[in-house]
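Here's the structure we're looking at; comments come further down.
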Amino acid sequence: MSKLSGTRRYLALFFPWLPAERFTRSAPKPPDLPLVFAEKQRGALRLASVDARAQALGLRVGMPLADARAQVGDLAIVPHDPVLDQNWLDRLAQGCARYTPLVALDAPDGLILDITGCTHLFEGEAGLIDDIDRRLTRLGMTVRHTLGPTANAARALARYQTRPAPDEATAIRRLPVAALELDAEAATALVRAGLKTIGDLAARPMANLAARFGADAAMALRRILGDAPSPLDPRVAPPPVATERRFAEPVASLPHATRILAELVGEAIAELAERGQGGRHFGATFFRSDGLARRIAVETGHATRDPGLVMRLFAERMDGLADPLDPGFGFDMIRLEVPRLEALGATQLKLEGGAARAVRQGAAMDELTDRLTTRLGRGRVRALRPADTHIPEQAQLALPAIDTPPALPWPAPEPGEPPLRPFYLFDPPQVIEVIAEVPDGPPHRFRWRRQAHAVRRYEGPERIAAEWWRRRDNGGLTRDYYRVEDDRGRRYWLFRHGLYDEKPDPRWYIHGVFA
């Protein structure tokens, strides 16, 4: 049929009633009326989706809600929630990962699977499709599925094919030009020219089509016919290391499933050892027999090949789940993936033999950080990292502690010298009243929090200019910093914001307190 035909096989899944079936599945008492979903469009409430009963009564997407009410008296009207629909579609995609790692979202109501080389586990394409049908029917989903030599062809067949054909090539050529999904003006121009099907377009020279109807129409036609690639954008990129276990009988015991996961971790660790690498991210997906799947992921601060550590992190994550892992009718497949790898340093055996131990210092602290991050969340355990800037309040960043620290060193004073920066910074700096020598002189007295302080000693100024690429944002004022000590021996960090030739009356601030 085309140059690219036969190289890959794609399966498109189209859920025509996805919002209605998602809502019916989660509603405590499904309505016994035609169901429509309304949202505000162009200043009026319109139908964003309908169920099968409403469509049979003549209601269509885009119809004003007032017209729908006039046409059908009794309707169940629900606000359209595209976020919940997207989440449900994502869960369906996660469940379809049991068939192939290359699953792409075809939002808002479809999926595309690259099943090349994956059908042998189901005794061919028909067996795989039967398995998908069985699981989606159990979930209460209506699905239209078609196979194609390209992702675009499979998608077009699932959404626009209206009658059976003897083969895929004939079915593609029978598709209406609407399957190209061009803008309304281009589609109308094609129909007016008498080109109503993909076959009509394919019979014309491609150069003429591009010249008359635009390059987009020609490219869309080439992709459906397989003369141009239609790359798939998978929901999750295939990991470099993955291992899985399928079960003839579903595993309904969570402790048994955990033991299987430990075996899979051991297999992945063995493959990592052969590569001379370690894992930083481990993800376990538990596929239930009803078609749904649950993924649990853990991270480590450094590359590891310690199966005990990985399983302890998985145990922490499972114990802390707000929605506990539920086997339902049992897991029929468990997959472990290691999507993030890094080179791993050497390990050393004990003198008397036995298990290897890491020679890297700080391993115990890193393990504690990993466990706390797994239990509390990635953003809740943070560490301060140095930043390459002279602006004091921006010289450190609070980043997730599990991330690898950058190579930038912390600034340190010369041996025997006092600290350059206070241990405590005010954010933002606090305004103070200062008596100082002018112009650009050090402070003699200052008032802070209604208390007067007499300056006995000072060091400075340390002049910090504004970053030139941000001067438009902060005014480009220069700061003169002073380390001062008052008559009671307390030390503060003060600065004047602006020079007198930059600002007529620059203000003073206290930025920090030394211990």
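Computed from a predicted structure; not experimentally measured. For reference, positions follow the sequence shown, starting with 1.
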So do the side chains of [X] and [Y] get within less than 4.5 Å of each other, counting heavy atoms only?
| X | Y | result |
| --- | --- | --- |
| L139 | L92 | yes |
| T374 | R312 | no |
| T100 | V103 | yes |
| E271 | V338 | no |
| Y10 | N152 | no |
| L33 | V72 | no |
| L272 | L344 | no |
| W17 | T24 | no |

Partners passing salt bridge (charged side-chain N to carboxylate O under 4.0 Å, His left out) against [X] (at least two apart in sequence or in another chain):
| X | value |
| --- | --- |
| E181 | R155 |
| D332 | R98, R135 |
| R60 | none |
| D85 | R22 |

What are the two closest non-hydrogen atoms of [X] and [Y], and how far apart are they?
| X | Y | answer |
| --- | --- | --- |
| A228 | M219 | CB-SD, 3.9 Å |
| L111 | C96 | CD1-SG, 4.0 Å |
| C118 | L128 | O-CD1, 4.1 Å |
| P229 | R223 | O-NE, 3.5 Å |
| F314 | I296 | CE2-O, 3.5 Å |
| G301 | R280 | O-CZ, 3.4 Å |

Notebook entry, point to check: Under the side chain to side chain donor-acceptor pair (under 3.5 Å) rule, what pairs show up with a residue in residues 314-326, not counting sequence neighbours?
Noted result: E316-R371, E316-R375
Check: What pairs meet the side chain to side chain donor-acceptor pair (under 3.5 Å) rule with one or both residues in residues 247-259, with sequence neighbours excluded?
Finding: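 Every candidate side chain to side chain donor-acceptor pair (under 3.5 Å) pair involving residues 247-259 fails, so no pair, neighbours aside, qualifies.
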Notebook entry, point to check: Given L57 and Q71, is the side chain to side chain contact (heavy atoms under 4.5 Å, CB included) satisfied, shown in steps?
Noted result: CA-CA 9 Å; L57 293 173; Q71 185 171 332; 5.6 Å; no
For the pair [X] (side chain) and [Y] (backbone), establish whether a donor and an acceptor sit closer than 3.5 Å, ignoring hydrogens and angles.
| X | Y | value |
| --- | --- | --- |
| D51 | L35 | yes |
| T146 | A154 | yes |
| Q161 | R163 | yes |
| R174 | P164 | yes |
| E21 | T142 | yes |

Check: Any ring-ring contact (aromatic ring centres under 6.0 Å, His included) pairs touching residues 79-106, not counting sequence neighbours?
Finding: Y99-F122
Would you be so kind as to tabulate the donor-acceptor pairs closer than 3.5 Å made by side chains of residues 39-49, with sequence neighbours excluded?
unit_1, atom_1, unit_2, atom_2, d
E39, OE2, Q41, NE2, 2.7
R46, NH1, G62, O, 3.1

Next item on the list: Could you pull out all residues at least two apart from P324 that satisfy side chain to side chain contact (heavy atoms under 4.5 Å, CB included)?
Entry: none
Nearest 0.5 angstrom please: [X] [atom1] to [Y] [atom2], how far?
| X | Y | atom1 | atom2 | value |
| --- | --- | --- | --- | --- |
| E168 | T150 | CD | OG1 | 9.5 Å |
| F23 | L84 | CZ | CG | 10.5 Å |
| D306 | I269 | CG | CD1 | 7.5 Å |
| T300 | R340 | OG1 | CZ | 8.0 Å |
| L175 | L201 | CG | CG | 11.0 Å |
| S230 | R222 | OG | CZ | 11.5 Å |

Check: Ion pair present between D32 and R53, side-chain N to carboxylate O less than 4.0 angstrom?
Finding: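 Looking at R53 together with D32, the answer is yes, because their closest N to O distance falls below 4.0 Å.
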Note to self: Going by ring-ring contact (aromatic ring centres under 6.0 Å, His included), name the residues that satisfy it together with F286, two or more places apart in sequence or in a different chain.
What the structure shows: F331
Item checked: Other residues, nucleotides, ligands: >12 heavy atoms within 6.0 Å of D74 CG -> no
Check: Counting only heavy atoms not in E123, do more than 12 sit closer than 6.0 Å to its CD atom?
Finding: no
Next item on the list: Test side chain to side chain contact (heavy atoms under 4.5 Å, CB included) on L89 and D109 and set out the steps.
Entry: CA-CA 7 Å; L89 182 64; D109 48 16; over 6 Å; no
Note to self: Between E299 and T373, is the side chain to side chain contact (heavy atoms under 4.5 Å, CB included) condition met? List the steps.
What the structure shows: CA-CA 8 Å; E299 291 182 279; T373 300; 5.7 Å; no
Margin query: List the residues meeting side chain to side chain donor-acceptor pair (under 3.5 Å) with T116, not counting sequence neighbours, and say none if there are none.
Written below: D114
Note to self: Working note: I334 + V251, criterion side chain to side chain contact (heavy atoms under 4.5 Å, CB included); need CA distance, chi angles, decisive distance, verdict.
What the structure shows: CA-CA 10 Å; I334 300 176; V251 175; 5.9 Å; no
Check: Any luck finding a side-chain donor-acceptor pair between Q94 and T285 under 3.5 Å?
Finding: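 Side chains of Q94 and T285: no pair found under 3.5 Å.
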Check: Are side-chain N/O atoms of D200 and T197 paired as donor and acceptor at under 3.5 Å?
Finding: yes
Which side-chain N or O atoms in residues 231-245 pair as donor and acceptor under 3.5 Å with protein atoms at least two apart or in another chain?
unit_1, atom_1, unit_2, atom_2, d
R235, NE, D90, OD1, 2.7
R235, NH2, D90, OD2, 3.4
T243, OG1, E267, OE1, 2.7
E244, OE1, R335, NE, 3.0
E244, OE1, R335, NH2, 3.1
E244, OE2, R246, NE, 3.3
E244, OE2, R246, NH2, 3.4
R245, NH1, E263, OE1, 3.0
R245, NH2, E267, OE2, 2.8

